[in-house]
Amino acid sequence: MSTGTVVLIAFGLFLIGGVVSFVKQGMPKGVIVLLGLCGAMSLAAGLLRI
């Protein structure tokens, strides 16, 4: 795996962790959805580069 792939997957996992944290804090749903979409796209991009 290249460095870019690892960075994309790690960043996606970081954003998904932020989603979990924001849900526990009771943040607005729009922020959670946007963060979740960005995390999913980053993970998908990293997995497609493998």
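For clarity, every value in this text was computed on a predicted model and none was experimentally measured.
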Worksheet item: Taking all non-hydrogen atoms of both residues, which atom of Ser42 and which atom of Gly12 are closest, and how far apart?
Response: OG-N, 3.4 Å
When you group the ILVMFWY residues by side-chain heavy-atom contacts below 4.5 Å and let the links chain together, are [Y] and [X] in the same group?
X	Y	answer
Leu13	Val6	yes
Val19	Leu43	no
Phe22	Val33	no

Roughly how far apart are [X] [atom1] and [Y] [atom2], rounded to 0.5 Å?
X	Y	atom1	atom2	result
Ile9	Met1	CD1	CE	5.5 Å
Leu34	Leu15	CG	CG	9.5 Å
Phe11	Met41	CZ	CE	10.5 Å
Ile32	Gln25	CD1	CD	9.0 Å
Ile16	Cys38	CD1	SG	9.5 Å

